[in-house]
There are 2 protein chains.
Amino acid sequence: MTDTDNNSLPERKRGSGVKMVYDILRDEILDLVLPPGSPIDEVQLAERFKLSRTPIREALVRLAGEGLIDTLPNRSTMVSNIDFLNLHTFFEALVLMYRVTTRLAAQNHRPEDLPSIRGFHEDYAAAVQARDALAMIATNAAFHAAIAEAGRNPYFTGLFRRLLDEGRRILRLYYQSYEEQFPQRFVDEHAEIIAAIEARDVEAADRLGKAHAEQIVEQVQKLFTRNNKLDIDL
Amino acid sequence: MTDTDNNSLPERKRGSGVKMVYDILRDEILDLVLPPGSPIDEVQLAERFKLSRTPIREALVRLAGEGLIDTLPNRSTMVSNIDFLNLHTFFEALVLMYRVTTRLAAQNHRPEDLPSIRGFHEDYAAAVQARDALAMIATNAAFHAAIAEAGRNPYFTGLFRRLLDEGRRILRLYYQSYEEQFPQRFVDEHAEIIAAIEARDVEAADRLGKAHAEQIVEQVQKLFTRNNKLDIDL
DNA sequence: TGTATTTTATTTGTCGACAAGAAAAATACA
DNA sequence: TGTATTTTTCTTGTCGACAAATAAAATACA
């Protein structure tokens, strides 16, 4: 577990302990600061956050409920692994949820939704421009989450957020392992999605959401099929 | 909060406290023994379960993560309300998930799945025969959950389970409020769904899943449109 | 030297206590 | 008598401690 002493602990209000720990750990898991499989030690976390173990444990229960960590009774907790053997289930759900949420946003959005969606789109474009992989991954997820919120179905939004989180971890792994790519194409696609939503073109939104998701799936699938050929001149 | 002293506490193994409390409270919420809006008092629960508050709190964190209870810092926790104003979002998600899970079961089921599915089907039929509303509601959910498991996509299964849980609460309310109905039609529909799954007829499964879900939605919608006309002979 | 057993150290699950924050009850005032 | 303020009670958030379970290290044995 990394020593990250850069998280200064603000003066805490009673009752905010659990949420603070949850938020920080969640971000660290999603950014792969805490990689899959890494152990979680309550005592060390208690020292790190300068809290007793009780709120640490409550934060961990929350994270476990979201599948981000795995716990068993009387055993060490650890950051949940990415189930590479069953990524096809993830892809299947992701594509359908991209379709559903984008479609519902076209149908149900309200005027107050669009500034937020556009804001995340701009953040995403800036991250691509700056070639900042972490920011790109996070703003992509935020952009699509805002679209899901505009669709106004909390059940789909909930599942989609979970998929986006898992997608963040997978993409982070991708960007750690391979040459970093910052395709302008995705920025353009986001713009097209926004236009379809604004126009309340439900079918276009669905189609664009599907195509976009399939591109992401394709990108991730490259992670597992890529042969690192040794380009050695003989 | 009802005094239910009928839950005898078995000799506990260390580490099983949280789960025991979680399981019991979850069942009570889903069966409307703990109705929506009812307060949750940690001290009383600690006395009831003969545990300290710490594992009670951990169980409550789990339940909160599943949306079954609502918590705010320094405030009383309560059983979450059913959002009647936005039931259309629930129906929307339910119908799609019935389709998806039934379809995937037709596609992906394995031989070992079918006995379990059939078992729950029989339990459901027995509950209908016995006119036992609680059992009927619970076995219906278990039947469809088993189908979702056979579909082998944990993301869809997760969302569907949550929807089935919420459906249990809604149906329990329905059966508490109105004349109880035990339609043989639903037993027959379950049998047709099983046949389609066995035959790996994906399109039939999808269609049957959809039709079945829409019937349930219709039944629940009757709860809110029904006029209790006074049938008085004048 | 490899394996089994025992001992030690560490981590987890729960306990009961303290205190902060909220709610309820009591008191004061117009 | 209604309202504002104060006091009391209750509930929640967290603390540090104890002990059970597990993991790691040490010892014994073939």
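Below, read A as the first sequence line, B as the second, and so on, with proteins coming before strands; counting in each chain starts at 1. All values below were derived from every heavy atom in this structure, side-chain atoms included, with hydrogens, water molecules and symmetry-related copies excluded.
Note on residues 155-167 of chain A: pairs passing salt bridge (charged side-chain N to carboxylate O under 4.0 Å, His left out), not counting sequence neighbours, are A/Arg26-A/Asp165, A/Glu149-A/Arg161. The stretch residues 65-86 of chain B participates, sequence neighbours left out, in these ring pair (Phe, Tyr, Trp, His ring centres under 6.0 Å) pairs: B/Phe84-B/Phe224.
Contact check on A/Arg48 versus A/Glu28 returns a salt bridge, with a Lys/Arg side-chain nitrogen under 4.0 Å from an Asp/Glu carboxylate oxygen.
In terms of the salt bridge (Lys or Arg N to Asp or Glu O under 4.0 Å) criterion, A/Arg169 has no residue partners (sequence neighbours excluded). Residues that satisfy the ring-ring contact (aromatic ring centres under 6.0 Å, His included) test with A/Phe90, not counting sequence neighbours, are B/Tyr155. Scored by the side-chain hydrogen bond (donor to acceptor under 3.5 Å, both in side chains) test, A/Glu58 finds B/Arg57 as partners (sequence neighbours excluded). Residues forming a salt bridge (Lys or Arg N to Asp or Glu O under 4.0 Å) with A/Asp31 (at least two apart in sequence, or on another chain): A/Arg168. For the ring-ring contact (aromatic ring centres under 6.0 Å, His included) test, no residue two or more places apart in sequence or in another chain qualifies with A/Phe156. In terms of the ring-ring contact (aromatic ring centres under 6.0 Å, His included) criterion, A/Phe91 has no residue partners (sequence neighbours excluded).
Put simply, chain A comes within 4.0 Å of DNA chain C, heavy atom to any atom, from C/dT11 to C/dG21, going 5' to 3'.
In secondary-structure terms, DNA chain C builds stems of at least 3 consecutive Watson-Crick or G-U pairs, each pair having both distances under 3.5 Å, at C:1-30 with D:1-30.
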Would you give a per-nucleotide map of nucleotides 8-13 of chain D, 5' to 3', where B means the base has a protein non-hydrogen atom under 4.0 Å away, S means only the sugar-phosphate does, and - means neither? ---SBB

Side-chain donor-acceptor pairs of residues 117-127 of chain A under 3.5 Å, sequence neighbours excluded:
| unit_1 | atom_1 | unit_2 | atom_2 | d |
| --- | --- | --- | --- | --- |
| A/Arg118 | NE | A/Glu198 | OE2 | 3.2 |
| A/Arg118 | NH2 | A/Glu198 | OE2 | 2.3 |

